[in-house]
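To find a chain, count down the sequence lines: A is the first, B the second, and so on, and within it residues start at 1.
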Amino acid sequence: MESSQLLGITTFIYLAATFFYVAFAFFKVKGLGILATSATLLGLWVNTTGIGLRWMETYQQGIGHIPLSNMYESLIFFALSIAAVYLVIEHLYKTKIFGSFVLPFAFIAMAYASYSAEFGKDVKPLLPALQSNWLVAHVITCFIGYAAFAISCGLAIYYLAKIMSSNNQNSPKNEEAAIGTVSLAKIDDIIYKMMIFGFIWLTAGIITGAIWANSAWGTYWSWDPKETWSLITWFAYALALHARYTRGWNGTRMSIVALVGFISVIFTYYGVNFLLSGLHSYGG
Amino acid sequence: MTLKDNDLWKTFSSVRLALLIISLLAITSIIGTILPQGEPFSFYIEKFGARNAIIFDILAFDDMYYSYWFRALLIVLCLNLIVCTYTRLPGTLKIIKKDNSNVDTRKFQLGKDCFKFDTTCDKTTAVGSVTKALEKLHLKAKQKDSGKEHLFFYERGAWTRLGAYFVHLSILIIVLGAIIGNIYGFKASVMVPEGSSVDFVFSRDDDNKRIPLQFDIFCKDFNIDYYKDGTPKEYKSDLTIVEDGKEVVKKNITVNAPLTYKGITFYQSSYQQIPNEFSVQISKQNDKDYGGRSSQSRNFSTKTKIANSWDEAQATFKIVATSKDGHGHGPYEILFDDEDKKPATFTTNDNDPTVIKRESGTYTFLINQRFATGLQVVKDPGLWIVYIGFGVMLFGLFVCFFTSHRNIWISITGDDMTTTVFVGGKSNKNLHGLSKTVEEIASILQSDKSLELRRV
């Protein structure tokens, strides 16, 4: 079996997981929830196996390297990070209600990786500039950060949907009535925590990128579009964290910030590679 | 009027200004990612029209990250950070140094983080139980006995209130490192042909100004390795640093593995073919015995249509033609002769050892297009400061978000009839963790049979 087949299957598992989570949210049947979590776990396992297999394939072709070197491989790792971080949250907060808003991100990332014609899926040898141990540190830190931001965005959508569907415009502090199993205040808190988590990893990602750039090109910062957009994203989340800490931003406002922040993430990740040109053109 | 009443000071000490500046930095930064940077004026006229080009020029949009207004934003952000730190740090230090054991625990609201118990045991027994419970949880608490009250006080991580200061400091450290690099360092480049050395480089900032080096940098060899599919695998330069006529450092540099000597780092960045220059290595396996030596070899540096002779082996050769595309590399047509006096022509390619069998012996002929390696040369004395800044930033973020300042009080009061045990805590962050610890202490005390606590 080839890695691309396994990863194609992963796409459908994440889709099924999404479906189960949505069904669970509607029918509140315990079995559906267990099914949803099991599907996510299975998806994570197949996803990881797929990456491992692809790693082996690079060695079989005599160009062995960790499969984190282009858009296809990064999307697959993105999906894996989302599923993994989500499962941790589900376990920590003991609720399955977020799944229907988070798993779609893992599904979309996988589906886009598997079915887009914009980039190649073949195992390609590493260009000289990419041959560095910093590649691993840089890509992994960035994508854990991106995954956290994706989850905060998913929860923000959930939060906004709840606010809009109920006529209750109260701030989360007054809103103690449980919706599903989780109060609005709790969702707000998790959105914030995911932003913090993502922010730390994004910072680590930018720093490892800077150190790598210095070891390859002799400059840790060159205002390349990718670098600049990562900084814009960093600024966006820095703003959100300060606004919350000093001005008490929360609830609807914080959810909108989470959405805007994630749009910036998407532009940093995807937009820069396909809409702008620059040093960081390995994605295509 | 003191400094702190000054309006400008007030502005600079506000978080509102920080939010504004960060927003402006984020939004304006977009311009430079959309508009190509550092192109000549004519480029912008051609692409955007004369009027827009002039506007771009006035606003320095063509080089915005190095423009005065963008730097001014960065300076304002730094000043803001400095003033904010200056005005807020004393207050934070006061909180850190404050003796938190002097609180009136009776004023605490009972709830998740505060428990109160009654027992008929005497105070001494209660103190003993609490001591044991804290030992079990490895919590080192101070004790105070005022006669009326025996107080256990545990405090952890007061200093972690400095987390945000570390992050803000790290930004200033990074900026400082960048400024030092800008003033005392340089970014330069140089092409070094194979087999040659240079003792200067060309600045990339000030119109290709020549920067002398205190040593020579010699490139023995430049090589490109390819993958099977033809994409480049490795660019490698064999470099030697020669100082005062002595070889001091020798290293093969590749794209991610530069060479540093005396604070100057050489990065593999590009390469060039040197037109009509070739290096040739000929070696000969002697069939006859030439003075006891069975093989000999020699290197040549040559051009096309020039006769080269190797006197020892009585051999001559000439590059008659290079590839038909005119790019000056292989396949090459070589005219060869030796003591046999039977001129022969053969074809060979770059880096492709070709064996020539002659009556007098067997020759191996190796030809290579001569390259020059392109080196990026950087001196950045601020780099380690920037890296320290990176470290401080990650440390600060960790402290900010994963540590907390936690206080736990256990007060034991009582008269002859009943003893009251109060367990309570406060934390600036991670309230969940605090509740857990307080609950743990409470549950250990509750399960202590000698105490017989009743929750109030």
Side-chain angles (χ1 to χ4, degrees), chain A residues 61-63 92 122 124-135 193 196-197 199-201 203-204 206-208 210-212 214-229 231-236 238-239 241-243 245-247 264 267-268 271-272 275-278, chain B residues 14-16 18-19 22-27 29-30 32-34 36-37 64-66 164 167 174 177-178 181 187 189 224-229 231-236 254-258 265-269 375-380 383 386-387 389-391 393-394 397-398 400-402:
Chain A
Q61 297 189 21
I63 48 169
L92 280 181
D122 296 338
K124 284 264 173 61
L126 274 189
L127 296 172
L130 292 179
Q131 292 164 22
S132 166
N133 290 332
W134 290 108
L135 169 75
K193 285 193 170 133
I196 288 173
F197 187 70
F199 187 70
I200 290 176
W201 286 100
T203 308
I206 294 173
I207 287 175
T208 50
I211 297 173
W212 183 12
N214 189 71
S215 82
W217 301 310
T219 171
Y220 50 84
W221 197 261
S222 54
W223 295 105
D224 163 81
K226 190 91 168 179
E227 289 173 355
T228 308
W229 267 100
L231 188 66
I232 292 167
T233 305
W234 193 82
F235 280 147
L239 268 176
L241 300 184
H242 282 89
Y245 189 71
T246 63
R247 312 191 81 81
S264 182
F267 202 82
T268 307
V272 172
L275 304 176
L276 308 172
S277 62
Chain B
S14 69
V15 179
R16 198 186 281 256
L19 297 180
I22 295 173
S23 309
L24 283 174
L25 281 170
I27 293 164
S29 288
I30 298 172
T33 66
I34 295 166
Q37 297 287 291
M64 63 152 284
Y65 302 112
Y66 303 93
V167 179
I174 291 168
K187 285 199 168 34
S189 61
I224 312 174
D225 265 5
Y226 293 94
Y227 290 107
K228 272 183 237 154
D229 68 353
T231 54
K233 182 181 186 183
E234 186 177 74
Y235 304 107
K236 186 168 76 185
T254 57
V255 174
N256 270 295
T265 309
F266 298 86
Y267 297 88
Q268 179 71 63
S269 95
L375 303 176
Q376 175 95 272
V377 186
V378 176
K379 183 182 169 191
D380 188 354
L383 183 68
V386 172
Y387 282 10
F390 287 167
M393 180 177 282
L394 287 174
L397 286 173
F398 179 83
C400 259
F401 299 127
F402 293 112

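Put simply, of Val167(B), Val255(B), Thr265(B), Asp229(B), the one with the most heavy-atom pairs under 4.5 Å next to chain A is Val255(B). The candidate from Ile206(A), Ile63(A), Leu126(A), Asn214(A) with the greatest count of non-hydrogen atom pairs under 4.5 Å with chain B is Asn214(A). Put simply, of Gln37(B), Lys187(B), Lys228(B), the one with the most heavy-atom pairs under 4.5 Å next to chain A is Lys187(B).
Of all the heavy atoms in Arg16(B) and Arg247(A), the pair that sits closest is NH2-NH2, 2.8 Å. Of all heavy-atom pairs between Pro258(B) and Ser215(A), the closest is CD-O, 3.6 Å. Pro232(B) and Pro128(A) make their closest contact through O-CD, 3.5 Å (heavy atoms, listed as atom of the first residue, atom of the second, distance).
With a 4.5 Å cut-off on non-hydrogen atoms, Thr219(A) touches chain B through its backbone and its side chain both. For chain A, no part of Ile27(B) is nearby; none of its heavy atoms comes within less than 4.5 Å. Using a 4.5 Å cut-off between heavy atoms, Asp225(B) does not touch chain A at all. Contacts between Tyr66(B) and chain A at a heavy-atom distance below 4.5 Å involve the side chain alone, from C-beta outward.
Relative orientation of the Phe390(B) and Tyr220(A) rings is perpendicular, given thresholds of 30° and 60° on the angle between their planes.
Side-chain polar atoms of Thr33(B) and Trp229(A) form a donor-acceptor pair below 3.5 angstrom. For Asn256(B) and Trp212(A), the side-chain atoms include at least one donor-acceptor pair closer than 3.5 Å.
Looking only at side-chain heavy atoms (C-beta outward), Phe401(B) and Phe197(A) stay at 4.5 Å or farther from each other.
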Check step by step if side-chain contact (heavy atoms from CB on, under 4.5 Å) holds for Ile211(A) and Tyr387(B).
CA-CA 8 Å; Ile211(A) 297 173; Tyr387(B) 282 10; 3.7 Å; yes
